[in-house]
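Please read the structure below before turning to the comments.
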Amino acid sequence: MATVLDPPTDKQPLVRRTRSTAPGGRRRHVSPLLAISPFYVLFAVFGAFPVVFSLYLSFQDWDGIGDMRFVGLQQYGWLLEDSVFWHSVLNTFEIWFLSTVPMLFLALVLAFLLHSQVRFTGAYRVAYFIPNVTSMVAMTVVFGSVFAQTGLANSGLRALGLDGIGWLSSEWGIKSSISLMIIWRWIGYNALIFLAGLQAIPTEHFEAARVDGANSWQTLFRVVLPQLRPVVLFAAVTSTINGLQIFTESQVLFQSTDVGTTGGPGQEGMTIVLYLWQKAFKDHQFGYGAAMGWLLFAIIAVFTVINWRLVAGSDHDDRAGILRSLRRKKGARNGR
C-alpha cells in the first residue's frame with residue numbers, strides 16, 4: 001500500500017498516512033461505488049432475497065395470505081412420498097434425454113459444417129440463432145398446430161402412406177413433440193457456441209489431419225472433439241440446466257383445456273417446474289412449491305457434477321499431444 005509522508009517540522013512529528021486516510025482518499029472511492037450500486041441493489045432485492053426467502057419458506061406451511069406455520073422438514077418428507085412429483089421427475093428426465101443428447105450432437109455437426117469453407121456463412125449463423133430469440137409462447141402455439149391430429153406433421157405422414165401419430169395424446173407422442181420444440185430452439189445457439197470453439201483451434205491441426213488422409217468424420221472425432229472439451233462441457237451443463245427446467249412447452253401446448261396445468265393426457269408432459277407452478281400458484285401451497293424448487297436445485301447440481309465427470313474426462317489428449325501425434329504421422333509418410 002502506497003503511503004504519503006508529511007515533511008517533519010519542529011511542531012509536527014513525522015506522520016504515516018495511507019491512501020484511505022489521506023485527504024480525499026475515501027471520497028475517491030465513493031463515485032465508482034455509487035455508479036455500480038444499482039446492480040447490487042437490484043440483485044439483493046430480486047436475486048438474493050428471493051433465494052433466501054424460498055429456503056425459509058420451504059420449512060413453512062403458507063397459502064400466500066394467512067400466517068405461516070413452521071413444519072420443519074415435513075414438506076420434504078411429503079415431497080418424497082408424492083407419486084405425482086416422481087412421475088414429473090421421470091417425465092423431465094425422459095424429455096431431457098430425448099432432446100439434449102441429439103441436440104448437442106446435431107449442433108456439433110452443424111458447427112463443423114459451418115466451419116468449413118461454405119458460402120453465406122454469416123446468413124446461416126443469423127438464421128440458426130433466430131429460434132433462440134423467438135417467443136417461446138408463440139413458438140409453442142405454432143408447434144401445437146403442427147402436431148395436432150390434423151396438423152402438418154400427420155398430413156405429411158399420410159401423404160407418405162403412413163398412419164398419423166397421436167402427438168398430443170399418446171405418451172411418447174407428447175414427449176417427442178416437446179423434445180422437438182427444445183431441439184428446434186436450442187440447436188442453433190449451441191452450434192454457434194461450438195463454432196466459436198472450432199475457430200479457436202489452430203488451422204495447422206486441420207491441415208495436418210488432411211495431409212495424414214483423415215476424412216471429415218475422423219477429423220471431427222479424433223482432432224476436434226478432444227480439443228473442444230471445455231466448450232462441450234459448457235454446452236452440456238447449460239443444456240442440462242435448461243432441460244431440467246422445462247415449463248413453457250408443456251404448459252402452453254395444452255393451454256386450451258385444463259390439462260395445461262397437468263401436462264396433457266395421463267400427465268405425460270408434466271415436468272418438475274410445471275408441477276411446482278401447479279402446487280404453488282394454482283393450489284396456493286407456496287411452502288410445498290419452495291421445497292420442490294430446492295429439491296430440483298439438488299437434482300440439477302448432481303447432474304452438473306455427472307456431466308462434468310463424463311465430458312471433462314482426463315486431459316491426457318491435450319492439444320500439444322494431438323499435434324505431435326499428427327506431425328509424427330505426417331513425418332513418417334513423408335519419409336516413405
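Just so it is clear, the values below take in all heavy atoms, side chains as well, and ignore hydrogens, waters and symmetry mates. From a predicted model like this one, the values you see are computed outputs, not experimental measurements.
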Taking the side chain as everything from C-beta on, heavy atoms only, tell me whether [X] gets closer than 4.5 Å to [Y].
{"X": "I201", "Y": "H115", "answer": "no"}
{"X": "L157", "Y": "D163", "answer": "no"}
{"X": "Y275", "Y": "D82", "answer": "yes"}
{"X": "K175", "Y": "N91", "answer": "yes"}
{"X": "R158", "Y": "L162", "answer": "no"}
{"X": "Q245", "Y": "I300", "answer": "yes"}
{"X": "F143", "Y": "I178", "answer": "no"}
{"X": "Q60", "Y": "F286", "answer": "no"}

Non-hydrogen atoms of [X] and [Y] that approach each other most closely:
{"X": "F59", "Y": "F70", "result": "O-CD1, 3.5 Å"}
{"X": "P131", "Y": "R185", "result": "O-CG, 3.7 Å"}
{"X": "L253", "Y": "T140", "result": "N-CG2, 3.5 Å"}
{"X": "A44", "Y": "P50", "result": "O-CD, 4.5 Å"}
{"X": "F147", "Y": "S177", "result": "CD1-CB, 3.7 Å"}
{"X": "S250", "Y": "L274", "result": "CB-CD2, 3.8 Å"}

With no hydrogens and no angle check, do the side chains of [X] and [Y] hold a donor and an acceptor under 3.5 Å apart?
{"X": "Y288", "Y": "D61", "value": "no"}
{"X": "T100", "Y": "W96", "value": "yes"}
{"X": "W186", "Y": "N132", "value": "no"}

Is there a path of hydrophobic side-chain contacts, each under 4.5 Å between heavy atoms of I, L, V, M, F, W or Y residues, that connects [X] with [Y]?
{"X": "L80", "Y": "M270", "answer": "yes"}
{"X": "V305", "Y": "L295", "answer": "no"}
{"X": "W62", "Y": "V52", "answer": "no"}
{"X": "W277", "Y": "I182", "answer": "yes"}
{"X": "F85", "Y": "L73", "answer": "no"}

Measure the spacing between [atom1] of [X] and [atom2] of [Y] and express it to the nearest 0.5 Å.
{"X": "M103", "Y": "S179", "atom1": "CE", "atom2": "OG", "value": "10.5 Å"}
{"X": "L192", "Y": "F129", "atom1": "CG", "atom2": "CZ", "value": "7.0 Å"}
{"X": "Q285", "Y": "Q278", "atom1": "CD", "atom2": "CD", "value": "9.0 Å"}
{"X": "S176", "Y": "L98", "atom1": "OG", "atom2": "CG", "value": "6.0 Å"}
{"X": "L296", "Y": "S88", "atom1": "CG", "atom2": "OG", "value": "9.5 Å"}
{"X": "W184", "Y": "T134", "atom1": "CH2", "atom2": "OG1", "value": "4.5 Å"}

Is a side-chain donor or acceptor of [X] paired with a backbone partner of [Y] at a separation under 3.5 angstrom?
{"X": "N190", "Y": "A107", "result": "no"}
{"X": "T92", "Y": "I272", "result": "yes"}
{"X": "H87", "Y": "Q267", "result": "yes"}
{"X": "S99", "Y": "I183", "result": "no"}
{"X": "Q218", "Y": "N215", "result": "yes"}
{"X": "Q227", "Y": "V223", "result": "yes"}
{"X": "S239", "Y": "A236", "result": "no"}

- Are the aromatic ring centres of F303 and F93 under 6.0 angstrom apart? yes

- Message: Can you confirm whether Y40 is buried at OH, in the sense that more than 12 heavy atoms of other residues, nucleotides or ligands lie under 6.0 Å from that atom?
- Response: no

- Item | Crowding at CG, D67 (>12 non-hydrogen neighbours, <6.0 Å) |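 No, because the 6.0 Å sphere around CG of D67 holds 12 heavy atoms or fewer from other groups.
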
- Task: Determine, step by step, whether M68 and L57 satisfy the side-chain contact (heavy atoms from CB on, under 4.5 Å) criterion, reporting the C-alpha distance in whole Å, the side-chain angles of both residues, the deciding distance to 0.1 Å, and the verdict.
- Result: CA-CA 9 Å; M68 295 184 183; L57 191 60; 3.9 Å; yes

- Take W294 and V51 through the test side-chain contact (heavy atoms from CB on, under 4.5 Å) and record every step on the way to the result. CA-CA 10 Å; W294 279 96; V51 171; 3.9 Å; yes

- side-chain contact (heavy atoms from CB on, under 4.5 Å) between L195 and F112, intermediate numbers included: CA-CA 7 Å; L195 180 61; F112 188 69; over 6 Å; no

- Given side-chain contact (heavy atoms from CB on, under 4.5 Å), test V252 with V141 step by step and report yes or no. CA-CA 7 Å; V252 178; V141 172; 4.1 Å; yes

